[in-house]
There are 2 protein chains.
Amino acid sequence: MSCESFFIEQLQKKGFRLTPQREIVLSILHQMDSPASVEELFAKVQEVSNAVDISTVYRTLDLLQDFNLVISIDLGENHRVFKLVGAEEPHLHLVCVRCDTVIGVDIHPAESFAATLMEKNGFQADLTRLNIPGLCKNCRGQKTRSITVNTLNQPAPLG
Amino acid sequence: MSCESFFIEQLQKKGFRLTPQREIVLSILHQMDSPASVEELFAKVQEVSNAVDISTVYRTLDLLQDFNLVISIDLGENHRVFKLVGAEEPHLHLVCVRCDTVIGVDIHPAESFAATLMEKNGFQADLTRLNIPGLCKNCRGQKTRSITVNTLNQPAPLG
DNA sequence: ATAATTATTGCTATCGTTTGCATTTGCGAC
DNA sequence: GTCGCAAATGCAAACGATAGCAATAATTAT
């Protein structure tokens with residue numbers, strides 16, 4: 001697969017090595033159909049070989065992120081998930097703060113917004129790393145929220 | 001100050017208590033002129049009273065976030081900073097991935113973009129929690145980047 | 001003012017992630 | 001193939017952040 005061949009190519013270019021551990025982690029990422037936590041990924045890696053250490057999984061994920069083959073998404077509450085993006089068009093991610101679903105969407109609607117930021121602030125936004133928090137279609141429909149959450153969502157003070 | 005009075009009001013409303021520790025943390029946040037890490041905040045808190053535990057600082061920051069008086073910004077690399085926003089208009093944050101500077105900007109240019117997301121994806125974006133990664137004016141000018149970083153920033157593979 | 005109630009604290013243990021280091025192993029040179 | 005070197009690994013220790021819990025202290029009722 002070309003995702004693997006790109007990985008191998010990148011490794012060789014940098015003088016890094018192709019190891020069984022790295023192949024396993026990449027293949028597991030391929031199997032996932034939604035972004036997965038380290039815990040999930042490590043569990044699946046261990047099904048293949050229980051000799052692989054979790055620190056190697058972390059290190060491989062870092063490497064894949066450097067290669068832009070994987071992105072990580074912060075779900076808040078110290079919850080982070082990883083997603084293989086190598087084969088896809090660049091896109092941004094809508095992250096539901098309620099159910100943690102991640103939706104990849106076309107990057108183009110954001111480009112005029114990015115242009116405004118550049119014009120007004122001289123800031124060059126990196127839309128491929130942009131994760132947008134909010135409520136997905138499903139969760140938006142569900143209005144039953146706990147009292148605690150409701151009362152906390154009040155307007156900010158004035159001074 | 002009205003930020004403090006809002007805090008006290010919110011505490012009373014929920015049956016929570018105003019403690020010296022909470023007052024200290026809030027006053028330290030007031031002193032900071034840029035977003036600060038827990039490490040920095042805790043150091044300053046200890047200058048006031050070294051009896052305050054770091055877990056209390058964490059808990060107070062959580063509480064202030066629930067009250068929408070404080071926001072936290074993920075700088076990546078497991079680096080998180082906190083910023084007092086109680087007195088400000090809601091705005092979004094431009095986060096420089098190079099120097100970690102955080103710039104607060106007006107939320108309005110993002111609203112048409114948010115409208116597009118709602119229309120196309122049924123997703124209700126929360127712009128007040130939106131942090132946009134990219135390069136700030138200063139860092140955009142500096143083209144001298146390490147070879148490692150340059151070679152890593154290559155287009156994604158096709159398949 | 002005093003007592004009762006219960007939120008909050010500091011301490012400790014724990015969890016998830018990272019780092020240091022000796023050992024292993026991939027990979028190029030021979 | 002074998003050798004040599006440096007990258008990568010597994011292990012264990014360290015680190016930042018969190019949770020449990022007994023002791024403390026802020027608020028309410030008396």
Is there a side-chain polar atom (N or O) of [X] under 4.0 Å from OP1 or OP2 of [N]?
X: B:Asn78; N: C:dT18; result: yes
X: A:Thr56; N: D:dG10; result: yes
X: A:Ser55; N: C:dT19; result: no

Select base, sugar-phosphate, or nothing to describe what [X] touches, counting heavy atoms under 4.0 Å on all strands.
X: B:Gln21; result: sugar-phosphate
X: A:Tyr58; result: base
X: A:Ile54; result: nothing

Spacing of A:Thr56 atom OG1 and A:Leu61 atom CG [to the nearest 0.5 Å]: 11.0 Å
Whole angstrom value for the distance that separates [atom2] of [N] from [atom1] of [X]:
X: B:Ile8; N: D:dA26; atom1: CD1; atom2: P; answer: 14 Å
X: A:Leu61; N: C:dT18; atom1: CG; atom2: C1'; answer: 13 Å
X: A:Gln46; N: D:dG10; atom1: CD; atom2: P; answer: 10 Å
X: A:Glu23; N: C:dG26; atom1: CD; atom2: P; answer: 10 Å
X: B:Lys14; N: D:dT28; atom1: NZ; atom2: C1'; answer: 19 Å
X: A:Asp66; N: D:dA7; atom1: CG; atom2: P; answer: 16 Å
X: B:His79; N: D:dC15; atom1: NE2; atom2: C1'; answer: 14 Å
X: A:Asp53; N: C:dT25; atom1: CG; atom2: P; answer: 14 Å

CD of A:Glu9: more than 12 outside heavy atoms within 6.0 angstrom? yes
Considering residues, nucleotides and ligands other than A:His108, do more than 12 of their heavy atoms fall under 6.0 Å from its NE2? no
Testing C:dT18, D:dG10, D:dA7 for proximity to the side chain of A:Arg59, the answer is D:dG10
Side chain of A:Pro20 only, heavy atoms from C-beta on: which candidate in C:dG26, C:dT17, D:dT27 is closest? C:dG26
Residue mapping more 5' on DNA chain C - nearest nucleotide basis, A:Phe16 or B:Leu18: B:Leu18
Evaluate the salt bridge (charged side-chain N to carboxylate O under 4.0 Å, His left out) criterion for residues A:Lys14 and A:Asp66: first the C-alpha distance (whole Å), next the side-chain angles of each, then the deciding distance (0.1 Å), finally the verdict. CA-CA 12 Å; A:Lys14 310 245 162 49; A:Asp66 286 344; over 6 Å; no
Is there a donor-acceptor contact under 3.5 Å from the side chain of A:Arg22 to the main chain of A:Arg17? yes
So, under a plain 3.5 Å distance rule, would you say the side chain of A:Arg17 forms a donor-acceptor pair with the base of D:dA6? yes
